[in-house]
Each structure stands twice: as C-alpha cells, then as structure tokens.
Amino acid sequence: MAKRTLESFYKPISKPKKPRIEDNPPSSYSRHPSYPFAIADLPPSIADALPDLPATTPRSITNQPHLDLLYYQPFIPSTTAQELFHFLRRELPFYRVQYTIRRGPTTTQITTPRFTTVFGQIPNPHPTHQIQINPRPIPPCLDALRQRIEAATNGAAYNFCLVNYYASGDDSIAYHSDDERFLGPNPCIASLSLGAKRDFLMKHKSADGVEAEPVKLALADGDMVVMRGETQANWLHSIPKRRGSRGEARQGRINITFRRAVVPGGTENYYRWSEEEGRMVEIS
Ligand SMILES: O=C(O)CCC(=O)C(=O)O
Ligand SMILES: [Fe+2]
C-alpha cells in the first residue's frame, strides 16, 4: 500500500470550501501555504470580547490520587461562546481521519468518530526522514484564544492546538491519555468546550492497586478544563457517545486543546497516522 506523505495527509480530499454568502461575512482572512483555504479572522464581536472576559476563578480538583485539574465554569460566557462555536464550525478546515488496522489476515477500516484539525509549529524530529513536515501555524482566530488562555493560566505557554468537532452525540473519543512523548513529562493541557454539553469521564489507570474514584464533569458551552501535573501519566479521559433523539445528542460540540510540544522527536503519532494511510475528508 502506497504511503502518504504528511503533506498529502493534510490536503483535503474533497474540494476547498466554496465562498459563502453570509449576512455578516468575516472582514479579513489569514493565508498560509499549508492551509487548504484562507482561514477567517475573528469578527470584532468575538475579538473585542476576548481580552475583556470576566475573570472566573477555577475550581481546583485534586481530591484523587495524581489528579490535578482546574475547572472553569465557564471560561467564556455563553453569548461569546456560542458565537465562537458557530464561527469555528464554519471557518476551520475539519477532517475525518480514516485508517486501516491489520491484525494477521484481518484488515479493519476505522473512521475516527469525530472531526479533527491540528495546528502548531512542531520541529521536524527526523531530519533524515523522507516525510517533509509542513506545519500549519496556529491561525490568528485560534491564537487569540491561546493568548487569552495563557494570560488566565499564568505560566503555561502553548505552541500546538488540536481541535475536535463532535457533530452529534454519535461522535466520541475513547479513553486515552495525552501523554505523547512530544509533550514531555507532566504536560499542561488546556481544553476549552463550545456548544453542546457533553460528559467528560476520567478514570485512574490504577496501577499498583491505587484506589481512585472515577470523575465525571458535564462540560458545558464555554467551560474549560486544564489538566496538569501527573494527571496524564495516571488518568485516562474520554467523551462517550450521547444517546437520545433530542437535545444535546443532536447538537454539535467543539473542543479546543492547547498543548506544548517540548521534545523535538515526538510527533510519531502524526507520522503513524500518515503512514497507516490516514485519510482526511473535509466536512461537506
Ligand atoms: O473533547 C474533549 O473534551 C476531549 C478531547 C481530547 O481528549 C483530546 O483531543 O485529546
Ligand atoms: Fe485527550
């Protein structure tokens, strides 16, 4: 099976977005050769609100072994959060990652149950690697959020951004921890939720008989969770599917995580995706 380069992995399979006729079109766009299309800058109604967000004191959740969370309820008030949700849903390039797992004679085609998009300047870990990395800089519309979040969570500095779009309650992310090597030990990850309320479940990896209660946070529009310290090394987290024919199960949710890549040489996950014929399909 032919391998795809990371560059082609990033290219949308379908056509670039067509220009839309809107009541209130963005006034400016940011361009970069690695973007599949120019990405709109924030409209003034959102950009002007971000520096003036009311200061919310986060709840510190450290009542379980190795758990270190800050929970902002909300970080962004609902009027701005809703506008931001619709803006990002409309303006970002989102993809479904498809890949193939081979176990012996069995081949299984997996479609990731959510849309994703990735931005950030990651140093090329493999100077001799065939794959030419073509990182997408964090676009100004997300960089404004990064700055606002860094200002609130003083000390953290992020250079990498992963956005998930859950189109409905059928979309999900399985239990995992964000302990990739490129994030270094004890990474600090800021995770902002927009749109439909969804449960964020956490469970301890429970090595060596550690007793820990599972954690459930019902993340609402504008909420933010910062995961710090030993959390990733010891806990798994997930967003399960949400069943039902009404309400949140039918609504979309966007989650934006800001991370810091500290180890040149740790982007294997992204290489692996591309080498296992990762295929990205743009939202229609
Ligand atoms: O959607 C969320 O709240 C979590 C997303 C997540 O865990 C991830 O992208 O690693
Ligand atoms: Fe995660």
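Both counts, for ligands and for their atoms, begin at 1 and track the order of listing. FYI, side chains are in, hydrogens and waters are out, and symmetry mates aren't considered; it's all heavy atoms of this structure. Along the sequence shown, the residues carry numbers beginning at 1.
With hydrogens and angles left out, the side-chain atoms of S193 and D223 include no donor and acceptor closer than 3.5 Å. Side-chain atoms of S78 and D221 form no donor-acceptor pair, as typed in the model, at a separation below 3.5 Å.
The contact set between ligand 1 and Y166, taken as ligand atoms under 4.0 Å from a residue heavy atom, comprises 1 (O), 2 (C), 4 (C), 5 (C). Close approach of ligand 1 to D178 is summarised as follows: ligand atoms under 4.0 Å from at least one heavy atom of the residue are 10 (O). When each atom of ligand 1 is checked for a heavy atom of I173 under 4.0 Å away, the hits are 6 (C), 8 (C), 9 (O). Under a 4.0 Å criterion applied to the non-hydrogen atoms of H237, ligand 1 contributes the atoms 7 (O). Atoms of ligand 1 found under 4.0 Å from any heavy atom of L162, numbered from 1 in the order shown, are 9 (O).
For atom 5 (C) of ligand 1, the nearest non-hydrogen atom from the set I256, N255, T116 belongs to N255.
Although no hydrogens or angles enter the test, the distance criterion places no donor-acceptor pair under 3.5 Å between the side chain of D143 and the main chain of I138. Using a distance-only test at 3.5 Å, with no hydrogens or angles considered, a donor-acceptor pair links the side chain of W235 to the main chain of P65.
Counting heavy atoms from C-beta on, the side chains of R253 and I239 come closer than 4.5 Å. In this structure, the side chains of R96 and T112 stay at 4.5 Å or more apart for every pair of heavy atoms. M202 places a side-chain heavy atom less than 4.5 Å from the side chain of F200.
For the Fe ion (ligand 2), the nearest N, O or S atom contributed by D178 is named OD2.
Looking at T257 next to ligand 1, no N or O pair under 3.5 Å apart turns up.
Around the Fe ion (ligand 2), the two atoms NE2 of H176 and NE2 of H237 are separated by an angle of 90°, to 10 degrees.
The closest approach between R259 and ligand 1 falls below 4.0 Å for a heavy atom of the residue. The closest approach between a heavy atom of H176 and any atom of ligand 1 is below 4.0 Å. For R253, the heavy-atom gap to ligand 1 drops under 4.0 angstrom.
Counting non-hydrogen atoms of neighbouring residues, nucleotides and ligands closer than 6.0 angstrom, the NZ atom of K241 exceeds 12 such neighbours.
Remark: minimum distance from atom 9 (O) of ligand 1 to any protein heavy atom is reached at N164 ND2, 2.8 Å.
Considering every non-hydrogen atom in both D199 and P240, the closest pair reads O-CD, 3.4 Å.
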